[in-house]
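So the structure is just underneath, and the comments pick up after that.
Hydrogens, waters and symmetry mates are skipped; everything else that's a heavy atom, side chains included, is used.
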Amino acid sequence: MMASRVGHLSIRMAGADVMLVGLFSAKDKQVDAKLDSLEASVEARGGRVVGRQIQRRGVSRGGAERMTLPLSRRTLLSSGKAREVADACR
């Protein structure tokens, strides 16, 4: 199995199917380039990207003024986006 070091974690992805899920500002124009870079990193470690999902922050529920609030596990992904990711993984 292929392994890589990221910080203190050893990541093994050989043969793994990976779903990329990104949280981005609504104003970010480089989402595709960032996900392409992440996909290349996964593939370099032996994984296979099988899908991508994007959650935009600052689009709804208060918009831009909420962008400076800290992230929490409850607001990282909306419940609808979490369902989308789960359905795509099935």
> Can you name the closest pair of heavy atoms from E39 and R52 and give their distance?
Replying inline: OE1-NH2, 2.8 Å
> Is any side-chain heavy atom of R45 less than 4.5 Å from a side-chain heavy atom of V18?
Replying inline: no
> Where the side chain of R56 meets the backbone of K27, is there a donor-acceptor pair that is under 3.5 Å apart?
Replying inline: no
> Below 4.5 Å, heavy atoms only, C-beta onward: do V21 and E84 meet side chain to side chain?
Replying inline: no
> Hey, mind stepping through V49 and M19 against side chain to side chain contact (heavy atoms under 4.5 Å, CB included) and telling me if it holds?
Replying inline: CA-CA 6 Å; V49 174; M19 170 70 73; over 6 Å; no
>> For F24, run the side-chain contact (heavy atoms from CB on, under 4.5 Å) check against Q55, K34, K29 and tell me which one passes.
In response: K34
> For L35 and Q30, what are the C-alpha separation, side-chain angles and deciding distance, and is it a side chain to side chain contact (heavy atoms under 4.5 Å, CB included)?
Replying inline: CA-CA 9 Å; L35 288 177; Q30 297 188 1; over 6 Å; no
> With a 4.5 Å limit on heavy-atom distance, are the side chains of Q53 and K81 in contact?
Replying inline: yes
> What distance separates D32 CG from I54 CD1, expressed to the nearest 0.5 Å?
Replying inline: 6.0 Å
